[in-house]
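Working notes, beginning with the structure itself.
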Protein chains: 2
Amino acid sequence: MNNEHSTLSFMPYTYEFPRPSITVDCVVFGLDREHKLKILLIQRNLEPFKGEWALPGGFVRIDETLEAAALRELREETGIETVFLEQLYTFGKLDRDPRERVITVAYYALVNLWEYQIRAATDASDAAWFTVDALPSLAFDHDRIVQTALKRLQGKLRYEPIGFELLPEKFTLFQLQKLYETVLGQELDKRNFRKKILNMNLLIALDEFQQDVSHRAARLYQFDRLQYEQLKEKGFNFEI
Amino acid sequence: MNNEHSTLSFMPYTYEFPRPSITVDCVVFGLDREHKLKILLIQRNLEPFKGEWALPGGFVRIDETLEAAALRELREETGIETVFLEQLYTFGKLDRDPRERVITVAYYALVNLWEYQIRAATDASDAAWFTVDALPSLAFDHDRIVQTALKRLQGKLRYEPIGFELLPEKFTLFQLQKLYETVLGQELDKRNFRKKILNMNLLIALDEFQQDVSHRAARLYQFDRLQYEQLKEKGFNFEI
DNA sequence: GATAGTAGTGTAAAAAAAACACTATGTCAA
DNA sequence: TTGACATAGTGTTTTTTTTACACTACTATC
């Protein structure tokens with residue numbers, strides 16, 4: 001097939017016709033103290049969609065990878081540094097952006113909101129956490145991106161132990177269960193949940209207990225990342 | 001956060017610094033008569049990687065969506081028209097292409113090879129099917145893309161009835177089982193497989209049987225797409 | 001008529017998941 | 001100090017799902 005198409009497919013430097021721009025956008029999930037799932041949004045102070053809320057994100061520079069761009073935008077716009085970050089989907093509809101053709105590679109991030117809540121509020125005066133079932137209307141097609149991210153988070157949580165990314169380093173089984181219930185949108189049986197999660201051998205039971213709670217203090221646990229890596233290698237099933 | 005970063009994130013038309021180019025690449029899966037999983041590759045006739053095999057693909061035009069670009073490239077380079085096509089992952093490493101910064105949105109496609117085998121061989125003299133476990137060395141990072149596609153196909157097949165896309169309209173349960181065994185890389189129990197797949201109510205048993213086989217002719221079945229859509233709505237579980 | 005190759009069928013055992021309720025401990029307020 | 005409240009923590013039984021397993025039937029070919 002010695003035709004123009006093959007040629008077009010890998011045209012060298014001289015490629016000069018108009019091309020789409022690439023951005024990254026991040027859906028940052030957090031969990032507040034009332035076990036509500038939150039998303040971090042930025043208020044736009046430029047047209048278009050000035051004043052509306054949008055996902056943190058921005059253009060990909062020529063000398064940085066997609067993931068690097070996502071991490072940079074997160075740092076710049078929200079102060080968030082190290083997080084669980086995973087590619088979600090690439091959105092390429094023609095009219096996503098009213099100004100020009102923009103393709104965006106969406107990522108989703110899980111952060112320990114209990115740690116970052118303050119930073120986001122101070123460093124970025126126009127960044128705020130919103131409960132997922134009470135989101136404002138969003139700029140561009142960001143509502144679609146958020147919906148996609150939510151579905152992915154639910155699907156992922158069922159089969160991979162990623163919930164720990166949303167909790168503090170040390171947490172109780174009760175917190176973990178509430179997390180699953182919130183994200184999956186269904187109640188879980190306490191005893192069955194504890195059996196399942198403990199049988200995975202991913203939790204280290206600490207000799208520490210909750211402080212300053214107005215009820216019996218629960219034991220604290222820690223996620224065993226090393227063990228997780230090893231079990232993942234062996235194709236272990238982490239379904240909840 | 002009224003700083004340069006927010007501004008940068010949604011800079012208007014005047015955005016003039018160098019930007020990455022975007023391509024699409026397609027991993028096209030097919031299943032041959034010996035129940036071997038195949039991938040369709042194109043032989044490059046331009047530098048770089050001249051003479052090497054690569055995935056069909058090419059630049060995304062400013063006035064077409066990502067999926068349209070993937071379908072166009074497939075049509076142009078291989079003659080394939082209508083297929084199951086789903087976005088796989090977006091690859092954005094800096095040195096993917098030795099000439100310039102190129103980000104590629106990879107798709108994977110499932111086709112009925114029994115129908116297309118001839119077209120690909122005639123329309124595109126430099127297109128050919130390769131068995132997945134005997135692939136030649138590939139141009140760019142296309143081997144990584146293929147590996148990602150393989151994993152995705154396996155994961156997807158376990159939870160969604162997409163195998164039918166690889167078979168002719170009418171097929172036997174034996175063919176279907178072989179498909180699963182090939183893709184998943186494990187043997188399945190005949191009786192258990194039939195029970196499970198028939199209990200999903202996704203198959204229409206036809207009053208037709210195999211022709212021209214040198215053994216007892218098996219009943220032919222058809223995939224019930226309508227039923228599939230309805231069950232999917234209800235959150236039905238299609239795990240095999 | 002023997003052989004080769006696939007078609008087609010059910011049951012029992014094992015494993016996994018689901019259902020289910022009470023006692024224990026600590027804080028707070030009356 | 002006592003009672004109310006909130007969560008901690010713990011096993012067993014039932015149900016469902018999954019797995020293991022073997023023979024007869026049909027058709028073409030040699």
Side-chain angles (χ1 to χ4, degrees), chain A residues 31-36 157-159 161 167-168 170-182 184-222 231 235-240, chain B residues 31-36 157-159 167-168 170-182 184-201 203-222 231 235-240:
Chain A
L31 202 71
D32 73 6
R33 285 171 179 73
E34 284 82 43
H35 310 116
K36 288 226 181 302
L157 187 64
R158 248 187 217 101
Y159 298 106
L167 293 177
K170 299 169 182 181
F171 52 85
T172 68
L173 293 182
F174 184 76
Q175 287 175 309
L176 188 60
Q177 182 179 343
K178 284 297 169 202
L179 184 163
Y180 274 84
E181 291 180 340
T182 298
L184 300 180
Q186 58 178 302
E187 301 219 328
L188 300 171
D189 180 89
K190 185 160 103 172
R191 280 176 290 190
N192 292 339
F193 177 80
R194 289 160 104 96
K195 239 184 301 178
K196 239 184 209 166
I197 210 86
L198 289 175
N199 277 343
M200 285 185 195
N201 286 318
L202 292 177
L203 293 187
I204 302 167
L206 302 174
D207 282 328
E208 299 177 54
F209 292 80
Q210 277 182 310
Q211 301 290 322
D212 306 319
V213 285
S214 70
H215 52 76
R216 175 172 173 185
R219 179 182 293 276
L220 294 173
Y221 290 83
Q222 212 170 351
L231 291 176
F236 194 88
N237 180 12
F238 299 108
E239 187 174 350
I240 209 69
Chain B
L31 202 71
D32 73 5
R33 285 169 180 76
E34 285 82 44
H35 310 117
K36 287 227 182 300
L157 187 64
R158 249 188 215 100
Y159 298 106
L167 292 177
K170 300 169 181 181
F171 52 86
T172 68
L173 293 183
F174 183 76
Q175 286 175 308
L176 189 60
Q177 183 180 341
K178 284 297 169 202
L179 184 163
Y180 274 84
E181 290 181 343
T182 299
L184 299 181
Q186 59 178 302
E187 302 219 327
L188 301 171
D189 180 89
K190 185 159 104 172
R191 280 177 290 190
N192 293 339
F193 177 80
R194 285 168 176 244
K195 240 183 302 177
K196 240 186 209 166
I197 210 88
L198 290 174
N199 277 344
M200 285 184 195
N201 284 318
L203 294 187
I204 301 168
L206 302 174
D207 281 330
E208 298 178 54
F209 292 79
Q210 277 182 311
Q211 301 288 323
D212 306 319
V213 286
S214 69
H215 52 77
R216 175 174 174 183
R219 180 182 292 277
L220 294 173
Y221 290 82
Q222 213 171 348
L231 291 175
F236 194 88
N237 179 12
F238 299 107
E239 188 173 348
I240 210 67

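Here the structure is a predicted model, which means the values were calculated and not measured. Just so it is clear, the values below take in all heavy atoms, side chains as well, and ignore hydrogens, waters and symmetry mates. A, B, ... follow the sequence lines: proteins, then strands. Residue 1 opens every chain.
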Whole-Å distance between [N] [atom2] and [X] [atom1]?
X	N	atom1	atom2	answer
B:Leu176	C:dA7	CG	C1'	15 Å
B:Asp212	D:dA28	CG	P	9 Å
A:Gln186	C:dA19	CD	P	11 Å
A:Asn199	C:dA18	CG	P	14 Å

Results of side-chain contact (heavy atoms from CB on, under 4.5 Å) for [X] - residues two or more places apart only:
X	value
A:Gln211	none
A:Arg219	A:Ala205, A:Asp207, A:Phe209, A:Tyr221
B:Asn201	B:Gln227
A:Leu184	A:Gln154, A:Leu157, A:Arg158, A:Tyr180, A:Gln186, A:Ile240

Among all residues two or more places apart in sequence or in another chain, which pass the side-chain hydrogen bond (donor to acceptor under 3.5 Å, both in side chains) test with [X]?
X	result
B:Lys196	none
B:Lys36	none
A:Glu208	A:Lys170

Please list, for nucleotides 10-14 of chain C, all pairs of protein and nucleotide N/O atoms separated by less than 3.5 Å.
residue	atom	partner	partner atom	Å
C:dT11	O4	B:Lys195	NZ	2.9

What pairs of nitrogen or oxygen atoms, one from the protein and one from nucleotides 7-9 of chain D, lie under 3.5 Å apart?
residue	atom	partner	partner atom	Å
D:dA8	N7	A:Lys190	NZ	3.3
D:dA8	N3	A:Arg216	NH1	3.3
D:dG9	OP1	A:Arg219	N	3.1
D:dG9	OP2	A:Arg194	NH2	3.1
D:dG9	N7	A:Lys190	NZ	2.7
D:dG9	O6	A:Lys190	NZ	3.3

